[in-house]
Amino acid sequence: MKLIGVDVGGTFTDVMYGDTENQDIAIHKVPTTPDDPSRGVIQGLREICERFDVDRGAIDHVLHGTTIATNAVLEYKGAKTGMVTTEGYRDILHIGRHQRPQHYSIMQEVPWQDRPLVQRRHRKVVPERLAPPDGAVLTPLDEDAVRVAARELREAGVEAIAVCFLFAYINPAHEERAAEIIREEYPDCFVTTSSAVSPQFREFERFTTAAMNAFIGPKVRVYVQELERALADNGFTADLHVMGSNGGVATGAMVSERPILTLLSGPAAGVLGGAMSGERSARKRLITFDIGGTSADIGLVVDGQFAEATARDTWIGGYPVMAPMIDIHTIGAGGGSIAHQDAGQAFRVGPQSAGAEPGPAAYGRGGNLPTVTDANVVLGRLQPGNFLGGEMNLDAGAAHKVMGEFGEQMGMTMEAAADGVLTIINANMANAIRSRTVQKGHDPREFSLVAFGGAGPLHGVEVARDLGIPEVIIPPYPGITSAAGLLTTDLKYDAIRTEFQTSGNVDRDRLSRDFEVMRAGLAAQFKTDGLDDGAVEYQRSGDLRYVGQGYELRVPVADGPVDEASLADIFKAFEAIHTTEYGHVFADNPIEIVNIRVTGIGQMPKITLPTLPQGGDLQAAQLDEAQCYFRLEGELAAVPTPLYERDKLPIDQAFEGPAIVLQKDTTTVIPPGARATAQSGGNLLIETGA
């Protein structure tokens, strides 16, 4: 089958074509079009088909990683949103949990209060009330009140409405009926319910998740629909699938209904691509390190399994989100990060970015502020005539100008200023990795760092050295690893149900029944998407905690009926995970099963990267030599550095740094003291010397 993965980044849109039958691979990059990302997507698709003589109508699947949902939240540019909620609970979204992002600051921003997803005047209340534990009706839904609320919100010009009722995670009947009424009164409105988006307890987080789904819903729905239309208009008959935050893809129809699934679309694809590269080097403990133009995304793969975000860790733009997500940490550090002097005269880099427009000064698009990319040009690590395989020439004069001016401002030479930029940005990224490893009980020295993205290979070895990581893996196509990850994923949906059952009093029949009901619901969705149940794999898990704890741990649950033996295995697994996470267990304390989950994975066709033949000659691979600046015994010095073409490197023949490895989608820096080997699996393995 013929597949194309296309990932939209802050600076470039990356495209990868793969044929699953003959292992043909082609890559391409085009500038991102921030005003309308779909223009860059269509341009990239057209150009890769033209350059590599691929029939547009022969493409079977287009798999897409998008930042539309994330940017709408981060930039606070979503729809005008309304809410219909239970009488007496209008201000849940504002009150939250009385948590302050910064405990001791009297001057701070509280996102859900300073930038509410739903303005208070657009939150309407209606009489209704359900009761735990089984969702019994205490107060029937006042349907007339719902109609009045819908009309008032329509007249106020809202574009989306979230229906959020108390205890709807137990019994969704009232929410579903209210949504029906709203659609009758306001057919053009985007309507969502909390029970459809996040059917689990914790009112603030559930209400916020539903409100965010409504806030981004119209924008994502229009984007997906217009992209599907543009694909058809340009001769593509392929199915469109969009990458989800859970590590799987979803159909355009599913994403249009539940856009919150795509909040970490692109970064999730990067983790998948990084894991694929790790497998080709037989490494199963990986830190994925994706540096683009505006941000750096960090993920963790332990024994081949992705780390998943927990309810206490999942925040987007300062808002809590309860949706299945790979655990990815993002910081404002990338090639476009701007160096500046702060109000206290300190040397800073980022999080502000020059983005795609105007971009770094070296891009020649009018940028006039010093960035990380400009620093790499000044230090000789980026070669002006070999950027994007020679398709884009860098303006070295502009880079030297802005970095020289910044150096004067800071009282140092141009080269020292550039070195300071890289030192600071590398330290920021190393600290971010520590927050996902050391602070979570993982020793980074036991992992391999998979460095990718347009800037990952430029910084990977020096960041790894800061952390004591012994080796860095550079994937075959590092600049488009997220696009490659899209071509290795499956259709994936999640179901969740809150249980609240404690050990010693577990209704095993209820657990078994609920697991089967959730599985049947997922099977119906896969059938709608055209997959037979035999092509779907189901995985079960539960969220468990000791009674009285505030948050849960995810525990795998074996398939089949829940009997006494399997229940004992579940509790034993919980204690093992609790020991790993916290260092101890409470052997005599009762354990609570809070939620149960079922994940369905529908198999999609995948690419296979070809194995490289043996041979090659290091001397023949050398393109040129350049003066590059590195720190030697603490002093910054210009060092003669060979420039190699990656596709000509000899296989399994190690070579020493300093060296620069050039390819179309990125540049890899191998500092003095490091040792690199091109592997037959396609990776470049660098021993850092740490």
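- With Asp490 contributing its side chain and Lys492 its backbone, the two residues share no donor-acceptor pair below 3.5 Å.
- Between Phe452 and Ser482, the shortest heavy-atom contact is CE1-OG, 4.5 Å.
- Asp443 places a side-chain N or O within 3.5 Å of a backbone atom of Arg445 that can act as its donor or acceptor partner.
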| said: Set out, in order, the CA-CA distance, both residues' side-chain angles and the distance that settles side-chain contact (heavy atoms from CB on, under 4.5 Å) for Gln679 and Arg280, then state yes or no. | reply: CA-CA 9 Å; Gln679 299 181 310; Arg280 293 181 73 82; over 6 Å; no

| Does the pair Ile670 and Val661 meet the rule for a side-chain contact (heavy atoms from CB on, under 4.5 Å), with working shown? | CA-CA 8 Å; Ile670 304 165; Val661 178; 3.8 Å; yes

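- Minimum heavy-atom separation, Ala333 to Ile425: CB-CD1, 3.5 Å.
- Side chain of Ser245 to backbone of Met325: no donor-acceptor contact under 3.5 angstrom is found.
- Within the 4.5 Å cutoff, the side chain of His459 has heavy atoms near those of the Asn376 side chain.
- Nearest heavy-atom pair, Ala398 versus Ala361, reported as atom, atom and distance to 0.1 Å: CB-O, 3.5 Å.
- The two residues Ser265 and Gly65 come nearest to each other via the heavy atoms OG-CA, 3.3 Å.
- Enclosure of atom CD in Glu75 by more than 12 non-hydrogen atoms of other residues, nucleotides or ligands within 6.0 angstrom is indicated.
- Proximity of a side-chain donor or acceptor of Gln108 to a complementary backbone N or O of Ser105 within less than 3.5 Å is detected.
- Looking only at atom types and distance, the side chain of Thr599 has no donor-acceptor partner in the side chain of Gln539 under 3.5 Å away.
- Scanning all heavy atoms of the two residues, the minimum distance from Ala573 to Val555 falls at CB-CG1, 3.7 Å.
- With Asp665 contributing its side chain and Gly479 its backbone, the two residues share a donor-acceptor pair below 3.5 Å.
- Not a single donor-acceptor pair under 3.5 Å links the side chain of Thr288 to the backbone N or O of Val450.
- At least one side-chain heavy atom of Tyr319 sits under 4.5 Å from a side-chain heavy atom of Val73.
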| side-chain contact (heavy atoms from CB on, under 4.5 Å) between Gln352 and Leu369, intermediate numbers included | CA-CA 11 Å; Gln352 298 85 3; Leu369 296 173; over 6 Å; no

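- The backbone N or O of Ala396 lies less than 3.5 Å from a partner atom in the side chain of His400, making a donor-acceptor pair.
- A salt bridge does not link Lys284 with Asp303: none of the charged nitrogens is closer than 4.0 Å to a carboxylate oxygen.
- Side-chain contact between Tyr546 and Val585 is present, with at least one heavy-atom pair separated by less than 4.5 Å.
- Put simply, the side chain of Phe630 does not reach to within 4.5 Å of the side chain of Leu379, judged on heavy atoms.
- Note on ring orientation: taking the six-membered ring where Trp is involved, the planes of Phe586 and His584 are perpendicular (angle over 60°, cut-offs 30° and 60°).
- Thr688 has its side chain within reach of Val472: a pair of non-hydrogen atoms, C-beta onward, lies under 4.5 Å apart.
- The structure places CG of Leu618 at 10.5 Å from CD of Glu656, a figure rounded to the nearest 0.5 Å.
- With contacts defined as side-chain heavy-atom distances shorter than 4.5 Å, the pair Leu264/Ile326 does not qualify.
- A donor-acceptor contact shorter than 3.5 Å is absent between the side chain of Thr67 and the backbone of Thr70.
- Within 6.0 Å of atom CD in Gln627, more than 12 heavy atoms from other residues, nucleotides or ligands are found, so the atom counts as buried in its surroundings.
- Counting non-hydrogen atoms of neighbouring residues, nucleotides and ligands closer than 6.0 angstrom, the NZ atom of Lys440 exceeds 12 such neighbours.
- Two residues are said to be in side-chain contact when any heavy atoms from C-beta on lie closer than 4.5 Å; Glu308 and Asp327 fail this criterion.
- Shown are Leu422, Thr667, Thr373; of these, the side chain to side chain contact (heavy atoms under 4.5 Å, CB included) with Arg381 is made only by Leu422.
- Contact detail for Leu394 and Val377: the closest heavy-atom pair is CD1-CG2, 3.9 Å.
- Proximity of Leu486 to Met243: side-chain heavy atoms (C-beta onward) are separated by under 4.5 Å at one or more points.
- In this structure, Asp374 contributes its side chain and Thr371 its backbone to a donor-acceptor pair below 3.5 Å.
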| request: Evaluate the criterion side-chain contact (heavy atoms from CB on, under 4.5 Å) for residue pair Met403 and Val421; output intermediate values, then yes/no. | output: CA-CA 10 Å; Met403 198 56 64; Val421 169; 4.2 Å; yes

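- In this structure, CD1 in Ile474 is found 4.5 Å from CD1 in Ile686, a value given to the nearest 0.5 Å.
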